[in-house]
Amino acid sequence: MEAILRGLTEAQREAVCHVEGPLLVLAGPGSGKTRVITHRIAYLLAQGIPASQILALTFTNKAAEEMRSRVQALAPGEPVWIGTFHRFCARLLRSYAPLVGLQENYTIYDAEDSARLLRRVLAELKMDLLRSTPETAATAISWAKNNLIRPEEYVSQPGHPLGRVIPEVYRAYHAALLAANAADFDDLLLHTAVLLRENPEIRQELDARYRFILIDEYQDTNLAQYAIARALSIDHPHLAVTGDPDQSIYGWRGANLNNILEFERDFPQVRVVRLEQNYRSTRRILRVAAELISHNIKRKQKDLYTENGLGRPVRLVCYPTHQDEARDIAEQIAQSVRSGQRRYRDFAVFYRINALSRTLELALRAAGVPYQLVHGVEFFQRKEIRDLLAYLRLLNNPRDEEAFLRAIQSPTRGVGKTTLDRLQQFARQEGVPLLEAVRRAEKIPTLDRRARAKLAEFAQLWDRLAQAAHRPVEEILGLVLSETGYRDQFDADTEEAQQRLANIEELLTACREFDEHYTGGNPLEDFLEQASLVSDTDPWEAEQDTVTLMTLHASKGLEFPVVYLIAVEQGLLPHERSRDNLDELEEERRLMFVGMTRAQEQLQISYARYRDFRGQRKMTIPSEFLLELPRAEMELVDLESAMRIGPGEDLSLETAEESTLGERTTGKKFPGSSSENRVAHLSGRPKLRTAAELAGQPPPPTISPDEFSHGMLVLHPQYGLGRIVALSGSGPQRRATVDFLAGAGRKKFLLHQSPLRPVQRNSNGPSQ
DNA sequence: TCTGTGCACATTTTT
DNA sequence: TGTGCACAGA
């Protein structure tokens, strides 16, 4: 007990020692949330609550893993069930599969399987998608499932571009899933929620079995997850949730912020604990982040504070181009490591979209800085892995159509589209799985002799494989490889082939490791479940001494001494797709908040005046979020100006106002490099945009003075982005006071002769 | 049935 | 710029 409570703050202790009844822990970034959860589990155990009555649910395997090992350290040997929502549901459904229309050996379809199935369904329905992509339909279906709307309950959504056709597509897609004895990720939750809703005695039994439920990252739950959590907390409402509404960045995946915002309404007896003290970041970083997030309307007010030191100012840097941005960051890092102040692993660079990593990679490589990119093609997404797993899946669930179609076409064996079409037609007519149709190939009149022979061959192959279905998985996979000659298709001379062959070896190793630790009675089924619910076989290596490059989304939950946040520009952050939706705009702001609060000691935010995007150079507009940051805690660096002060440079564009910005805008404060070598390393490149370059820009939209409004974002050719804070007069006399970003301060303009132009939010983002 | 080429398109992605 | 998909030809 001593060990469990030692070192906890008052607030943390309050949460840890809460035993019965609902609990809501609002935990700001870096406030020791995981610590509270794990210690609370240990505390419950110490109170004599059986481990089997405790259920801890997370969103990621990584979080579950972390929690498990920390609980293990505090309370060794206690078998508390800790895992992801999806895995919990998958387990439950194995026991109750028939009640939701599945068999217990059902297959879990991941995003790619689902997409392929949906595409097939769409092709079959010959639906006119009205210029929309299958993606749009997939999103609509996923949305419905996340909101517990079953196919038969789904009605056209007014306003949705595909409103009229979605119901039919949804129904057909869902029927196809059931026919394949498969569940997609959303189904795992939906089926479980429905199961609990429609079977009171099962719900009651599970409610009693899992009396103490803990849910992490509660702000990311969707309606289905919410329903499951509630259903298991009716008779025993000891539901403890932790989360931070300000870090909800998965709204687009169905997360419903209201679940946490309205938790207190759902459970009036709830005890609310706020963890507002931050142990991670400097005071300045925290203040800047807190100020940004305070601009969100939909949130619970939190007062973040820290006892950490003030720290350095948050740097806001304007670079001439994205290459300058990348090069400078690479140089800063290289220098910092060279001087012995830091290690590579102290640094992380975050960006909104993966496509932005390329320039950085080039610059880091040029500077000899080692880095790791977090994302890329995940192990289980690779074609050769999916191909081989398809065999295993089909062995486990002979009705799995996606697996069948994949297996029979790889390696290619003379069975093509035509044959498969005819096979499917026959299978549908007879109401049998495709694998069964293959066995009856002789009876399919539309098939020619050659096709029948090929199918018969496949049937024989299958008979040989099926004999091994209950063997250890490594053995099954080995047999698949030898019987199909799968490896033969790779010409070992190419690097790509080498890589693929190596991946196959890795899969064999994964199988072997699974077999070694496996104690259950159905290795194949359990291996497949694990394979489909675990994506991080290529994990981020925290131990490696390299710089980390990742998207803002991927950064959640991590921390680094030094963080760079790049390309903070309209259209990228906030992303243009969140343009006309306040909720989405707020999510973008949260995304930036999450990124900023990853930083422990130093934070640099940057944007570039020009950025190449999709092969074209575009002038950018700094992010509107930059206007929301408190200048007092920051250091503004405009490298565009700094660079112009080189020998032989044209200073003619420097205005009186710009010069008065004085030292604030010079490169002098730049740690790790003087303005001299800055100019040097940039020399040889055009410092000023040529007329031709500028001519390529779309003409600014002009509007009459009366159309400017209070609060409007405006762009000035020299001062950049600003916001109108005051207006007076009308017509030619109309004047505006504008607050500019980037140190230009507050200026007044006679609108009808000013070069100000309004910024439609994002309308001039780099991606247009 | 397989392979190459042109064209449209383009966030984020815990499971 | 880069990729993935559709369609055309061997």
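Residue numbering restarts at 1 for every chain, and letters A, B, ... go by the order of the sequence lines.
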I want to check one thing: is the phosphate of [N], taken as OP1 and OP2, less than 4.0 Å away from some side-chain N or O of [X]?
X	N	result
A:N354	B:dT11	no
A:N61	B:dT15	yes
A:R614	B:dT11	yes
A:S578	B:dT11	no

- Item | A:W252-B:dT12 aromatic stacking (under 5.5 Å, under 30°) | yes
- Message: Is there aromatic stacking of A:H553 on B:dT12 here, judged by a ring-centre distance under 5.5 Å and a plane angle under 30°?
- Response: no
Given [options], the nucleotide with the shortest approach to the side chain of [X]:
X	options	answer
A:Y250	B:dT11, B:dT14, B:dT15	B:dT14
A:H86	C:dC5, B:dT15, C:dG2	B:dT15
A:I353	C:dG2, B:dT1, B:dT12	B:dT12
A:T412	B:dT15, B:dC2, B:dT12	B:dC2
A:T551	B:dT12, B:dA10, C:dC5	B:dT12
A:A554	B:dT1, B:dT11, B:dT13	B:dT13

- Show the numbers, then the answer: is there a side chain to side chain contact (heavy atoms under 4.5 Å, CB included) between A:R386 and A:D113? CA-CA 10 Å; A:R386 297 189 73 97; A:D113 298 318; 2.9 Å; yes
Base, sugar-phosphate, or nothing for [X], non-hydrogen atoms under 4.0 angstrom?
X	result
A:D220	base
A:R450	sugar-phosphate
A:T58	nothing

- Task: Classify the side chain of A:R253 and the base of B:dT12 as holding, or not holding, a donor-acceptor pair under 3.5 Å.
- Result: no
- Item | Span that lies between the C1' atom of C:dA6 and that of B:dT11, in whole angstrom | 25 Å
- Can you tell me how far P in C:dG4 sits from the matching atom in B:dT13, rounded to whole Å? 16 Å
Rounded interatomic separation in angstrom, taking [atom1] from [X] and [atom2] from [N]:
X	N	atom1	atom2	answer
A:N256	B:dT14	CG	P	21 Å
A:E576	B:dC9	CD	P	14 Å
A:R120	C:dC5	CZ	P	15 Å
A:K417	C:dG9	NZ	P	18 Å
A:Y109	B:dT13	OH	C1'	21 Å
A:L565	B:dT12	CG	P	16 Å
A:F613	C:dT3	CZ	P	14 Å
A:K383	C:dT3	NZ	C1'	17 Å

- Query: Parallel, tilted or perpendicular: which fits the ring planes of A:Y170 and A:H174, with parallel below 30° and perpendicular above 60°?
  - Reply: perpendicular
- Can you label the angle between the A:F458 ring and the A:F404 ring as parallel, tilted or perpendicular, going by 30° and 60°? perpendicular
- The side-chain hydrogen bond (donor to acceptor under 3.5 Å, both in side chains) partner of A:D246 among A:R590, A:R299, A:Q219, A:R589 is A:R299
- Query: Are the side chain of A:T620 and the backbone N or O of A:A608 linked by a donor-acceptor pair below 3.5 Å?
  - Reply: yes
- Sorted by position of nearest nucleotide on DNA chain B, 5' first, the leading residue of A:D186 and A:E584 is A:E584
- Note on the structure: DNA chain B nearest-nucleotide lookup for A:K556 and A:R352: closer to the 5′ end is A:R352
- Query: Do A:Y226 and A:N256 have side-chain N/O donor and acceptor atoms under 3.5 Å apart?
  - Reply: no
- Message: Within 45 degrees of the ring normal and closer than 6.0 Å to the centroid, is that where the cationic atom of A:R120 sits relative to A:Y173?
- Response: no
